[in-house]
Amino acid sequence: MGRERTLAIIKPDAVKQRAMGPILQRYEEEGFRIVEMKLARLTKAEAETFYAVHRARPFFQSLISFMISGPVVVVLLEGERAVERHRTLMGATDPAKAAEGTLRKRYGKSIEENAVHGSDSEATAKDEIAFFFGAAAVSP
Ligand code: ATP
Ligand code: MG
């Protein structure tokens with residue numbers, strides 16, 4: 001019981017510093033199952049749609065430029081309470097405030113270049129999984 005899916009993105013800064021391997025290894029070590037995965041270069045339109053909730057924020061254009069600056073790895077993770085457990089593994093948005101042992105503490109460089117994305121609720125996870133992998137991938 002409690003098995004669910006969440007969407008992770010290994011962001012361009014992490015791919016550039018050759019951290020995709022260690023991050024994927026960490027997902028496996030923490031007990032997540034990798035259900036789907038793809039290396040992709042997001043288009044500007046895809047990045048804008050994905051982060052549409054932040055459209056009015058002052059950092060929006062900078063965030064979009066960052067997200068399309070290089071390849072990302074889009075990962076569909078499954079596990080017990082996957083959404084919440086993945087958010088905990090990521091750490092705080094600002095790597096300077098992230099707890100020891102979290103991915104953002106280890107690999108993040110700034111509040112923008114913070115290494116990984118993770119769905120922030122079960123509802124968001126469903127939307128984000130459907131966006132990248134189709135509606136059939138949403139449920140375990
Ligand atoms: P994500 O949605 O990427 O998992 P999050 O949920 O921790 O991160 P959000 O508030 O949703 O944080 O912000 C989305 C992304 O926008 C952040 O991960 C970061 O890359 C960028 N961002 C957030 N706040 C700022 C800021 N103040 N300045 C620059 N970039 C920011
Ligand atoms: Mg978010």
Side-chain angles (χ1 to χ4, degrees):
M1 286 303 287
R3 259 193 116 61
E4 60 186 29
R5 291 182 173 186
T6 192
L7 189 93
I9 301 179
I10 303 175
K11 295 185 180 183
D13 60 319
V15 174
K16 279 192 191 103
Q17 60 177 298
R18 304 192 181 194
M20 76 164 98
I23 292 171
L24 291 169
Q25 181 173 2
R26 191 75 193 279
Y27 290 154
E28 294 193 312
E29 286 169 355
E30 297 291 335
F32 293 100
R33 181 169 83 89
I34 296 171
V35 181
E36 299 274 359
M37 182 170 86
K38 58 186 174 193
L39 185 72
R41 259 196 103 117
L42 302 184
T43 65
K44 188 159 182 281
E46 283 171 335
E48 286 176 350
T49 302
F50 184 76
Y51 276 126
V53 65
H54 296 308
R55 200 172 283 275
R57 308 285 283 279
F59 58 80
F60 183 70
Q61 284 310 329
S62 178
L63 173 61
I64 298 309
S65 298
F66 163 56
M67 289 300 292
I68 67 172
S69 67
V72 298
V73 186
V74 189
V75 190
L76 174 47
L77 296 174
E78 183 180 304
E80 296 295 318
R81 295 184 299 106
V83 173
E84 182 196 329
R85 284 202 306 119
H86 180 240
R87 292 290 292 190
T88 303
L89 178 61
M90 286 163 55
T93 306
D94 183 352
K97 295 176 182 157
E100 284 302 330
T102 62
L103 294 173
R104 283 168 165 172
K105 178 73 173 185
R106 173 72 179 78
Y107 300 109
K109 295 195 193 99
S110 69
I111 194 168
E112 179 173 88
E113 300 199 5
N114 59 5
V116 285
H117 161 82
S119 308
D120 61 10
S121 70
E122 286 178 58
T124 310
K126 287 180 169 49
D127 290 346
E128 292 181 351
I129 292 165
F131 182 73
F132 282 111
F133 296 110
V138 165
S139 298

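What you see is a predicted model, and the numbers here were worked out from it, not measured in a lab. We count ligands from 1, going down the list as the structure has it; atoms in each ligand are counted the same way.
Ligand 1 lies within reach of Tyr51, whose nearest heavy atom is under 4.0 Å from it. Look at Arg104 and you'll find a heavy atom under 4.0 Å from some atom of ligand 1. By the 4.0 Å heavy-atom criterion, Arg87 is counted among the residues contacting ligand 1. Ligand 1 has no atom lying under 4.0 Å from any heavy atom of Asp120.
Listed by atom number, the atoms of ligand 1 under 4.0 Å from Asn114 heavy atoms are 17 (C), 18 (O), 19 (C), 20 (O). Residue-ligand proximity, Lys11 to ligand 1, at heavy-atom distances under 4.0 Å covers atoms 3 (O), 17 (C), 18 (O), 20 (O). Every atom of ligand 1 with a heavy atom of Gly118 under 4.0 Å away is listed here by number and element: 4 (O). Each of the following atoms of ligand 1 lies closer than 4.0 Å to a heavy atom of His117: 1 (P), 2 (O), 3 (O), 4 (O). For ligand 1 and Met90, the ligand atoms under 4.0 Å from any heavy atom of the residue are 4 (O).
Protein heavy atom closest to atom 22 (N) of ligand 1, with residue, atom name and distance, is Phe59 CE1, 3.6 Å. Nearest protein heavy-atom neighbour of atom 20 (O) of ligand 1: Glu112 O, 2.9 Å. Of the protein's non-hydrogen atoms, the one nearest atom 19 (C) of ligand 1 is Ile111 O, 3.1 Å. Residue, atom and distance of the protein heavy atom nearest to atom 12 (O) of ligand 1 are Thr93 OG1, 3.4 Å. In terms of protein heavy-atom proximity, atom 9 (P) of ligand 1 is nearest to His54 NE2, 3.5 Å.
Ring-plane geometry between Phe50 and Phe132 is classed as tilted, the angle between the planes lying from 30 to 60 degrees on a 0 to 90 degree scale.
Judged purely by atom type and a 3.5 angstrom limit, Ser119 uses its side chain to pair as donor or acceptor with the backbone of Leu7. Arg5 contributes no side-chain N or O that, together with a main-chain N or O of Leu76, makes up a donor-acceptor pair within less than 3.5 Å. At least one donor-acceptor pair closer than 3.5 Å links the side chain of Asn114 to the backbone N or O of Thr93. The main-chain N or O of Ser110 is never found under 3.5 Å from a side-chain atom of Glu113 such that the two would form a donor-acceptor pair.
Side-chain contact check for Arg104 versus Lys97: every heavy-atom pair is 4.5 Å or farther apart. Residues Leu39 and Met20 form a side-chain contact, since some pair of their non-hydrogen atoms from C-beta on lies under 4.5 Å apart. Inter-residue side-chain proximity for Glu78 and Glu4 is flagged as unmet; no heavy-atom pair is nearer than 4.5 Å. Within the 4.5 Å cutoff, no side-chain heavy atoms of His117 are placed close to those of Met67.
Annotation: cation-pi geometry not satisfied between Lys11 and Tyr107 (NZ/CZ under 6.0 angstrom from ring centroid, within 45° of ring axis).
The side chain of Leu63, and not its backbone, has at least one atom closer than 4.0 Å to an atom of ligand 1 (non-hydrogen atoms only; side chain from C-beta on).
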